[in-house]
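The structure appears below as structure tokens.
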Protein chains: 4
Amino acid sequence: MQGLVENNKYINKSKRVTNIDFNCDLAQGFGIYKNEQEYDFLEYVSSVNISAGLHAGDPMTIKEAFLKAKEHNVVIGANIGYNDRQGFGLRAMNLSEDELEALVIYQVSALMSFAKAYGVEIEFVRTHGAMYRQASEDFTLSCNIARAIKKCSKWLSYVGAAGDVLTKTAEHVEIGVVQEFELTKNYRTDLTIDYNIPDISDADYLSRRLHKFLQYSQIENIAKGSNYIDADTLHFSNDLASLKLLREAAAMITPLPVNYSKVKNSGWV
Amino acid sequence: MQGLVENNKYINKSKRVTNIDFNCDLAQGFGIYKNEQEYDFLEYVSSVNISAGLHAGDPMTIKEAFLKAKEHNVVIGANIGYNDRQGFGLRAMNLSEDELEALVIYQVSALMSFAKAYGVEIEFVRTHGAMYRQASEDFTLSCNIARAIKKCSKWLSYVGAAGDVLTKTAEHVEIGVVQEFELTKNYRTDLTIDYNIPDISDADYLSRRLHKFLQYSQIENIAKGSNYIDADTLHFSNDLASLKLLREAAAMITPLPVNYSKVKNSGWV
Amino acid sequence: MQGLVENNKYINKSKRVTNIDFNCDLAQGFGIYKNEQEYDFLEYVSSVNISAGLHAGDPMTIKEAFLKAKEHNVVIGANIGYNDRQGFGLRAMNLSEDELEALVIYQVSALMSFAKAYGVEIEFVRTHGAMYRQASEDFTLSCNIARAIKKCSKWLSYVGAAGDVLTKTAEHVEIGVVQEFELTKNYRTDLTIDYNIPDISDADYLSRRLHKFLQYSQIENIAKGSNYIDADTLHFSNDLASLKLLREAAAMITPLPVNYSKVKNSGWV
Amino acid sequence: MQGLVENNKYINKSKRVTNIDFNCDLAQGFGIYKNEQEYDFLEYVSSVNISAGLHAGDPMTIKEAFLKAKEHNVVIGANIGYNDRQGFGLRAMNLSEDELEALVIYQVSALMSFAKAYGVEIEFVRTHGAMYRQASEDFTLSCNIARAIKKCSKWLSYVGAAGDVLTKTAEHVEIGVVQEFELTKNYRTDLTIDYNIPDISDADYLSRRLHKFLQYSQIENIAKGSNYIDADTLHFSNDLASLKLLREAAAMITPLPVNYSKVKNSGWV
């Protein structure tokens, strides 16, 4: 974690990745709008984020996602977002602290007990779209989200864009966090994401990024320098290029869900 | 319960009501559409049904309802309905068994963990509007709903219109049920509700119905005869006439939430 | 039209189809849920039904559909349905006459002026999903819909499932109607559709149905007999099998939009 | 209009108001959430803004609003907003130019033909909530909205917060604009509204503001100075204090709808 806070010092640091989670979204459909491509990712990931029914997903879609996740024995998290189905949760909103708390708790709750009804568990919460972006930059917002998650259960981890804001949230709210990276994103030298630059889509370059990350825990930033990154999870978005990259990644290393990694690091297994 | 199955035999039966729950709905607003009148009922009822956010309610409204319910120390249930906000859940829908299960579990789940986040508990589930009506007449539907509730937690009771269908559901699904009556409804001789007749609004007649019920456990049916009723809870809808009636009822007897009644009947208190 | 009313007499009637409209739906997406396959149909149809934004479609999707329809120079109609986006308008609802009127007028209106803003016109209205089915069987409902359409403009035609109900609606409301057939539907001997039987998907059989229809204006009913049909338009649903069939149909006959057919029948062109 | 652009010069200008429109919102309910208070305003206003069904209103509510407006013979406009029913259109959104155009046209269209079906006309378009605020400050946005309105019909006027942005929009887009003021708003010295200060609710002060406005066309700004204002319409929001103020205003001057004022100014009546 400290590597992120003062990452400049660590630019020369290099470490082969041994424990990494592969993650994707699930239950992104709605009504007749099915997203069956998302199931193709299930063979290769170790964790999934299931939409909670406001920005995407509906009870049937969510139920099916639980059953698919159970079948593939992956770790399950809640993917929560703004209540904006038409915008798929991608449009920024400014809610009061009270409203945000209620919005987070409603969605996490809906999935927590739902999961139990099918014999599975929600182990983490990830914010989606605009909420994810805003939380990656706004420490107060990030803490408010984290506190709401903690109110649902103290066993839940909070997944966010890796970086200082998330690290500080972990300390301030006393919540377990999961540092997430995406190979397609453009990282600044301070490891924040520059959303003004279109995501990387060049397959060859993505493949090189993947290799560099797995071999050295390093990623090229937008200034063409390298940053050491201490990622807990690699997120793969839901498109064919991403699926290809995920397959390549899975061929190189077997992903471990975050909690299993912790246990492994502890020496138990 | 048997009294309901073969109620004709019991027409002459009479018993002073000693344990009865008073119940009303909560969190019926949405966004800017507040329903502040509903809080006036909180002083007199012993249990509330909180809307689960699909037919009515939103995270903020639900949160406020939990806090108000907690403040008044009433027992809390989830009020679940069809996903039809424009129709307030009053329009009949025909869902597949799978869809219905998902719909029920999503809503019950949303409230179960939400409640815990604020230090309260969901103790029962009540269906709302069209789902309530359909479940009161359709044994298969009633069982499907009950089974979905039971999947969420075996400690949840299922509240429905008192009658044979509910009684048989209890036996078939092995779930605790709560027999609900409403003074404003028109009961047939078999104690099913005739929804084609407008609800009773005559204040004097309602008052007489209330007295007769509390004194003899009897209600006048639409054939002008009397039925013995073994109600667990009296539901009060959200209007001024109902509030007046509720006040009158509360002046005559202190309501006991259903679970407390059971404990009381057991001799523990 | 009379052929439909007393179709039994006409079983031996046979006529090569010379004027027929090919029709499909457009703007069936919502938000991020795009349906780009639907544009593939535009090369072959002569008219399209654009979703009005309640059961499917949103302003952006609708705008794009208008532009695509304009580009392909096809005749445009409004596809109106129940306000049930999750159910894609496929779930039956029972609205009051007043509510239905308002629902129809709102949707037709939204598309009428919208079309004009982009230099095109709405020439007909088609009901979608559950509203279509209900209207094909319920004369009163069909008349109420037709009357609401007529209130929007007396120049609008009303498209419905070919049959007695539609014919009688035309006479009763004095509105121009368009008799629609679908090759994939199972027709009873009275030419009503049996929705309990799954749609026909056998490509070879569909191809034979197409040929028989175009050569003799006849269709095989579910009793294995033949009905003479006097269709104004053939509707093609939005799937690959349908697209294949449409291509086959377009290779055999150039479709004419309904209004153009009328002009052609009048001898003007 | 020029008075607004260079209002500092006009601080000493004073003119009795002779032509002024009184305006309020209508169709602000949704489904079971009725707003019957809004009809009380109809006796005193000369124009109404009818919600277009996205931020508020639904087909039934809109239909009823048209009938009420017709009954009271008031001029009718479309009240359009962001598609955010839960937030009542009060939450800022940032749409692309394309999306905004489609959103505006959809809503204006829905009301234009709807109005005609009931023998009335939409004569102007007013933006609601967040869209209104953003348009009052953002010239580009204001022009985009105005252009979309103009695409629907060149006869429609565009109502906005009085000020330079609206004036410049009128010139740039060549659209008729209506300068709107609200007695409850806090105006800066440049006549823009300071939304950070809570609306004025002091009844006596509001009454004094009303008198000063009607007698001298002047309003006190937040710097305690006076601005000359050349308002076309006074908007009254939907609360009891506002209704009281409206009644007081109506007792002092008979309102004239904007278009009628123009005719009057021309010497025709």
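None of these values were measured; they are calculated from a predicted model. Per chain, numbering begins at 1; letters A, B, ... match sequence-line order.
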- Task: Let me know if A:K63 has heavy atoms under 4.5 Å from chain B in its side chain, its backbone, both or neither.
- Result: side chain

- Message: Does A:E97, at its CD atom, have more than 12 non-hydrogen atoms belonging to other residues, nucleotides or ligands within less than 6.0 Å?
- Response: no

- If you measure from NZ on A:K116 to OG on B:S153, what distance do you get to the nearest 0.5 Å? 10.0 Å

- Please name the pair of heavy atoms, one in B:S109 and one in A:A110, separated by the smallest distance, quoted to 0.1 Å. CB-O, 3.1 Å

- Query: In terms of heavy-atom contacts, does CD of A:E174 have more than 12 from other residues, nucleotides or ligands at under 6.0 Å?
  - Reply: no

- Note on the structure: One option among B:V104, B:D98, B:L54 has the most heavy-atom pairs under 4.5 Å with chain A, and it is B:D98

- Any chance you could lay out the side chain to side chain contact (heavy atoms under 4.5 Å, CB included) test for B:C152 and A:S113, step after step, and finish with the verdict? CA-CA 6 Å; B:C152 294; A:S113 304; 5.7 Å; no

- Query: Which bit of A:F66 is near chain B, if near means a heavy-atom gap under 4.5 Å: side chain, backbone, both or neither?
  - Reply: neither

- Pairwise distance CD(B:Q107) to CZ(A:F114) - rounded to 0.5 angstrom: 10.5 Å

- Message: Is A:A148 in contact with chain B via its backbone, its side chain, both, or neither, using a 4.5 Å heavy-atom distance?
- Response: neither

- Query: Rounded to the nearest 0.5 Å, what separation is found between the CD1 atom of B:I105 and the OH atom of A:Y118?
  - Reply: 3.5 Å

- Applying a strict 4.5 Å limit to non-hydrogen atoms, the region of B:A52 in contact with chain A is backbone

- Message: Between A:L103 and chain B, with a heavy-atom cut-off of 4.5 Å, which part of the residue counts as in contact: side chain, backbone, both or neither?
- Response: both

